[in-house]
Protein chains: 2
Amino acid sequence: MNDETHAPQKRPLTLRDVSEASGVSEMTVSRVLRNRGDVSETTRERVLAAAKDLGYVPNKIAGALASQRVNLVAVIIPSFSNMVFPQVLSAISEVLDNTPLQPVVGVTNYMPEREEKVLYEMLSWRPSGVIIAGLEHSDASKAMLRAAGIPVVEIMDTDGRPIDSVVGISHRRAGRMMAEAIIKAGYRKIGFLGTKMPLDHRARKRFEGFTEALAKAGLEVIDQEFYAGGSALAKGREMTAAMLARSPEIDFLYYSNDMIGAGGLLHCIDAGIDVPTELGLAGFNGIDLLDGLSMQLATMDSCRAEIGRRAAEIVARSVDVQAAETGGAHGERIELSPTIRRGETLRLRPAHGDYPE
Amino acid sequence: MNDETHAPQKRPLTLRDVSEASGVSEMTVSRVLRNRGDVSETTRERVLAAAKDLGYVPNKIAGALASQRVNLVAVIIPSFSNMVFPQVLSAISEVLDNTPLQPVVGVTNYMPEREEKVLYEMLSWRPSGVIIAGLEHSDASKAMLRAAGIPVVEIMDTDGRPIDSVVGISHRRAGRMMAEAIIKAGYRKIGFLGTKMPLDHRARKRFEGFTEALAKAGLEVIDQEFYAGGSALAKGREMTAAMLARSPEIDFLYYSNDMIGAGGLLHCIDAGIDVPTELGLAGFNGIDLLDGLSMQLATMDSCRAEIGRRAAEIVARSVDVQAAETGGAHGERIELSPTIRRGETLRLRPAHGDYPE
DNA sequence: ACACAGGGAGATACCGCTAACGAAACGCGA
DNA sequence: TCGCGTTTCGTTAGCGGTATCTCCCTGTGT
């Protein structure tokens, strides 16, 4: 180890430096560093030692350009604060860890223009694949995705026409299922609490499916309210209090996510409301973060981990295929089935005095 | 718009394609696409039209290689599930949005070997700067960071020797401050609940500072317990119940994070324990997620947003400086002051019957 | 002793783009 | 009309690697 080892160099290190230090050609160094081709054990060790001694880190920019291979997978999600996407992400990373692929995430904040920009930005790094949340994209985004010539997996949602592959659940169906469960349990005066996000298509679809199923039973949402910003828990609490004050006849509240649902539940507990007999509650997502509440909120699992896993598998597989054959893989379509977790805030059978059909 | 516009091309598009389509040289196209140099409005529009028509997305790999400039900032954090890092991240993105820089995140799961690998991986893309959580890194990681010749900002923690710049709070001091507040309020039988993460140095330092301040007052932690995995809320609840059963004399519980603290609080409320008189509680982080609880948990703000902002500013600034002058910027050191949020679970003055010194 | 297989290493030609310089076209005053 | 500064655009030479081909050197079978 020489003295300059830890000196910050002005000129960045290149293969040439390592090659000079080890007395072999750049090509050989390159081969050693990638464990490729035939290199004798002797030179191999010599090169490795020189590289480590210099603190050389290969330049993937140059490598990617030369080899026309970039082992990155663009993952585009609407938000981080949501608690659901981090879970999808970790499932993706887990799968990708067993491959040479590496995820790179971009966040859109539910804004189509930002999505377009982020997508453009990521595609300009020529990733090997794209995993992107949702089926709704601007025309330009769709065009880019199609033109990229790489596997594209749209995740979370299956209600729509995918560009290539899709992995998710039907949020419309999820909304319907919950409505049906609620009706079956005998609740009739139903209120809805959601987020003020016209661009959260999945929340919208759940709501649509929900009202649709209610309509089929001759019911409709009695009262509804939407919020934006602030602590979801606190908002859930406030909005629940407000709605119950405004529409005291309500016997069920459906929340667009577990967090505001939990806030509502806390309000009910504090207010001494008899849940689930007097009032039922349900959220959406099945986040286990809330497992420690005094009462388990009814919710619906959104299959986050499974979605991430399957999506990553599709990308990994089709990258492999592309490497082997020439033809790109054909789009897969995977619709997962969300399951209701009844918890303790959704009673099982109609309460005495109800008249279920 | 020609018919091939939306046809998936086999041969990826290059500048040459755009240049041929618009009848100018590749150089001119390059200039147009980067809004650089002198190009007449006429050709500019022609080129732009051709690029859009073809659906051309520039290849940053080649661009970066040629220009020796990569506008990426590596952000390396231990975890996503934590809820604290996403907030740091969004502060970083916000600042970086006003610059040409773009964050790329890597996750280490609190494992030094993974950190080393992630760092290596990211450095091989030659980012313009690194923002990395913590001051504890393997020797190899430190060497890489030093050798990279780019601004490095270590964040979250200031208790240690930084490589370059550092932005954070002193967790040791944070622990001390909380201990002092607790003692001042007259609590004497103190229990600690934390995570089983020997590699979460910040949690460790908080605990050390905490016990140190207790020791100075002639006190020590009466009982302690650590958990790993599972829902933090549920764990907080369980562990609190267990500890109170085991050590009923306890009059204060200090939690290493707000989430288990909230779980503990929920247990206390359900168990009818008189908080904060009979038992006091405090957590750490100041996450507003929990604002909706029935009672506001005492906690300490960890300045997440501020840390992210300042760190991003340092990187942005020194990248600018590097572009202008030759000399790298010198390390900055920013220690933020966490503030206690007393909430409602930490009484203000000694309860009747206590004997404060 | 010679042809030949095959491992180990080097030479060469790019990958797609940009920095730097240079040249053409244009405008305008003398 | 010419000279000269501007503006606009093209040419050339890499950036730091990798694919591919070539070459050399061994050892081996006959």
Side-chain angles (χ1 to χ4, degrees), chain A residues 9-48 50-51 54 56-71 100 121 123-128 148-149 323, chain B residues 9-48 50-51 54 56-71 100 121 123-128 148-149 323:
Chain A
Q9 34 265 136
K10 59 251 88 217
R11 197 178 45 74
L13 290 169
T14 73
L15 266 191
R16 158 155 249 99
D17 296 294
V18 183
S19 96
E20 281 169 3
S22 52
V24 296
S25 74
E26 303 176 35
M27 198 56 238
T28 303
V29 177
S30 170
R31 282 201 266 257
V32 170
L33 264 29
R34 287 176 299 148
N35 303 316
R36 216 184 270 299
D38 318 297
V39 184
S40 73
E41 193 52 33
T42 333
T43 54
R44 188 186 144 70
E45 278 167 14
R46 213 145 39 98
V47 169
L48 247 23
L54 291 171
Y56 173 71
V57 177
N59 186 332
K60 285 213 177 167
I61 308 247
L65 182 62
S67 67
Q68 301 284 53
R69 248 177 289 123
V70 185
N71 288 327
E121 207 71 26
L123 287 181
S124 73
W125 288 101
R126 300 290 187 267
S128 299
Chain B
Q9 34 266 137
K10 58 250 89 222
R11 196 177 48 74
L13 291 168
T14 72
L15 267 191
R16 159 156 248 99
D17 295 294
V18 183
S19 97
E20 280 169 4
S22 53
V24 297
S25 75
E26 303 176 35
M27 197 58 235
T28 304
V29 177
S30 169
R31 282 200 267 258
V32 170
L33 263 28
R34 287 177 299 149
N35 301 316
R36 216 186 269 302
D38 318 296
V39 183
S40 74
E41 193 52 32
T42 333
T43 55
R44 187 185 145 71
E45 278 167 13
R46 212 145 39 98
V47 169
L48 247 24
L54 291 170
Y56 173 71
V57 177
N59 185 332
K60 285 214 177 167
I61 308 245
L65 183 61
S67 67
Q68 300 285 52
R69 247 178 290 120
V70 185
N71 288 327
E121 206 70 28
L123 287 181
S124 73
W125 288 102
R126 299 291 187 267
S128 298

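A note on names: the letters A, B, ... follow the listed sequences, proteins ahead of strands, and every chain is numbered from 1. Excluded from the calculations below are hydrogen atoms, water molecules and symmetry mates; all remaining heavy atoms, backbone and side chain alike, are included.
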Student: Enumerate the residue pairs fulfilling salt bridge (charged side-chain N to carboxylate O under 4.0 Å, His left out) with a member in residues 27-40 of chain B, sequence neighbours excluded, ordered by first and then second residue.
Tutor: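 Salt bridge (charged side-chain N to carboxylate O under 4.0 Å, His left out) check on residues 27-40 of chain B returns no pairs.
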Student: I need the CZ-C1' distance between B:Arg36 and C:dT18, as an integer number of Å.
Tutor: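 After rounding, the reported distance stands at 9 Å.
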Student: With sequence neighbours excluded, what pairs up with A:Glu45 under the side-chain hydrogen bond (donor to acceptor under 3.5 Å, both in side chains) test?
Tutor: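 A:Glu45: no side-chain hydrogen bond (donor to acceptor under 3.5 Å, both in side chains) contacts found.
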Student: Listed by chain and number, what are the side-chain contact (heavy atoms from CB on, under 4.5 Å) partners of A:Arg44, not counting sequence neighbours?
Tutor: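 Listed in chain order: A:Val32, A:Asn35, A:Val39, A:Glu41, A:Leu48.
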Student: Over its full length, what angle do the end axes of the helix from C:dA1-D:dT30 to C:dA30-D:dT1 make, each axis taken from five pairs and the result rounded to 10 degrees?
Tutor: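 Helix axis angle between the two ends: 50°.
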Student: Round to the nearest Å and state the distance from B:Glu45 atom CD to D:dT8 atom P.
Tutor: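 Spelled out: CD on B:Glu45 to P on D:dT8 is 13 Å.
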Student: Reckon A:Gln68 has a side-chain N or O less than 4.0 Å from the OP1 or OP2 of C:dG16?
Tutor: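 Yes.
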Student: Kindly state which residues belonging to residues 17-30 of chain B come within less than 4.0 angstrom of DNA chain C, counting heavy atoms of the residue only, listed by number.
Tutor: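 Those residues are B:Met27, B:Ser30.
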Student: Look at the side-chain N and O atoms of B:Ser67 and state whether any lies under 4.0 Å from the OP1 or OP2 oxygen of D:dC15.
Tutor: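 For B:Ser67, the contact criterion (side-chain N or O under 4.0 Å from OP1 or OP2 of D:dC15) is not met.
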Student: Does D:dA19 have its OP1 or OP2 closer than 4.0 Å to a side-chain nitrogen or oxygen of A:Arg69?
Tutor: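 For D:dA19, OP1/OP2 do have a side-chain N/O of A:Arg69 under 4.0 Å.
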Student: To the nearest Å, how far apart are A:Lys60 NZ and D:dT18 P?
Tutor: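 Between P of D:dT18 and NZ of A:Lys60: 11 Å.
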Student: At less than 4.0 Å, is any side-chain N or O atom of A:Arg34 found next to OP1 or OP2 of D:dG17? Yes or no.
Tutor: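 For A:Arg34, the contact criterion (side-chain N or O under 4.0 Å from OP1 or OP2 of D:dG17) is not met.
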Student: The criterion is side-chain contact (heavy atoms from CB on, under 4.5 Å); which residues satisfy it with A:Asp17, sequence neighbours excluded?
Tutor: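 Here the qualifying residues are A:Arg11, A:Leu13, A:Thr14, A:Leu54.
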